[in-house]
Number of protein chains: 2
Amino acid sequence: MPRQTRQRAAIQRALITADRPLTIDEILASTRKIVPTIGIATAYRNIRRLVDEGWLTAVDIPGGPARYEITGKDHHHHFVCLVCDRVFEVPSCPSDLEKMSPAGFSLDHHEVVLYGKCADCR
Amino acid sequence: MPRQTRQRAAIQRALITADRPLTIDEILASTRKIVPTIGIATAYRNIRRLVDEGWLTAVDIPGGPARYEITGKDHHHHFVCLVCDRVFEVPSCPSDLEKMSPAGFSLDHHEVVLYGKCADCR
DNA sequence: CTGTTAATGATAATGATTTATCATTGTCAT
DNA sequence: ATGACAATGATAAATCATTATCATTAACAG
């Protein structure tokens, strides 16, 4: 049966407190403040498991490595800071997306990614 | 000095006639109808050069390989068919993106990707 | 406390995409 | 036409992210 480990607890804590999608490297950096010896394989293993269990959702931002956020958040989009590369959540959503689909196409879902500078980097 | 080759001409023709972003594989498949012996290295070499020269622009669609489209088109977005994986151009753009940026953030540019079924696949 | 065995950590291996190498071919200025 | 050398094609090698391996560590049921 599964066991509770300090490493997995630290990974989950990192993702809960960040409140934004984190890369593997960000997860590792954050987690090492609590468990300094954690290896990269353990990060990948736990993330994969948390995704399989449905606790995490992968976020694909073009031009960067995979990021992960906690499953079940309200519909939202993402803002990429071009300076610090951090990705933030954006709670709103464009209102007129349905009209954008070409005639004869059926729209399933959509992604909006904003690029710019975050408040810290301006 | 640079020389004109059948291979490069065929690659450019493929991208001009497609009128949508193409992957390396799509470019190769299309080009081989004109120059059947073209190798993958030549495709990569020419695409890199065309990007460096500014003739091509890379289009990054999350969860897929890089695609390339001719530089200088009017502002547009993309529609990904979930069945055939082709990416199409969408000429319109959401009107209220500026309001989406979090307070204190500055917006540079944005990407909108629609997912669904194209007219052929419905 | 102790034994079982799941999980870890270090590192090798993998897979997928892109780039480098190099002998050969083809372009084009002369 | 022909020589210089840019470009090609086949394939090896480099990247980069992710997964597998395996000896060691540690969680937890009894």
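Every chain is numbered from 1, with letters handed out A, B, ... down the list of sequences. All values below were derived from every heavy atom in this structure, side-chain atoms included, with hydrogens, water molecules and symmetry-related copies excluded.
Side chain of B:Arg20 to main chain of B:Arg86: no donor-acceptor pair is present (N/O by atom type, distance under 3.5 Å, no hydrogens or angles). B:Ser30 contributes no side-chain N or O that, together with a main-chain N or O of B:Ile27, makes up a donor-acceptor pair within less than 3.5 Å. Between the side chain of A:Ser106 and the main chain of B:Gly116, no donor-acceptor pair closer than 3.5 Å is present.
Using a 4.0 Å heavy-atom criterion, one finds that B:Pro65 contacts no nucleic acid atom at all. Across all strands, A:Thr42 comes closer than 4.0 Å to base atoms (heavy-atom distances).
For the pair B:Thr31 and B:Gln7, the tightest heavy-atom approach, listed with the atom from each and the gap, is CG2-O, 4.3 Å. Across A:Phe79 and A:Tyr115, no two heavy atoms sit closer than the pair CZ-C, 4.2 Å. The shortest heavy-atom contact between B:His77 and B:Ser92 is CD2-O, 3.5 Å. Taking every heavy atom of both residues into account, A:Cys118 and A:Cys81 meet most closely at N-SG, 3.4 Å. Between B:Ile11 and B:Thr42, the shortest heavy-atom contact is CD1-O, 4.3 Å.
Looking only at atom types and distance, the side chain of A:Thr5 has no donor-acceptor partner in the side chain of A:Arg8 under 3.5 Å away.
Protein atom CD1 of A:Ile27 is 14 Å distant from nucleotide atom P of D:dA17, rounded to whole Å. Distance CE (A:Met1) to P (D:dA29): 7 Å, rounded to an integer number of Å.
Nucleotides of DNA chain C that come within less than 4.0 Å of any heavy atom of chain B span, from the 5' end to the 3' end, C:dT17 to C:dC28.
DNA chain C is contacted by A:Arg45, A:Asn46, A:Arg49 of residues 44-60 of chain A, taking any non-hydrogen atom closer than 4.0 Å.
Side-chain contact check for A:Leu15 versus A:Leu22: some heavy-atom pair is nearer than 4.5 Å.
Atom CD of A:Glu98 has 12 or fewer heavy atoms from other residues, nucleotides or ligands within 6.0 Å.
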Set out, line by line, the N/O atom pairs under 3.5 Å between protein and nucleotides 2-5 of chain D.
| from | atom 1 | to | atom 2 | distance (Å) |
| --- | --- | --- | --- | --- |
| D:dC5 | O2 | B:Arg3 | NH1 | 2.9 |
| D:dC5 | O2 | B:Arg3 | NH2 | 3.2 |

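Comparing B:Arg6 and B:Ala41 along DNA chain C, the residue whose closest nucleotide (by nearest heavy atom) sits nearer the 5' end is B:Ala41.
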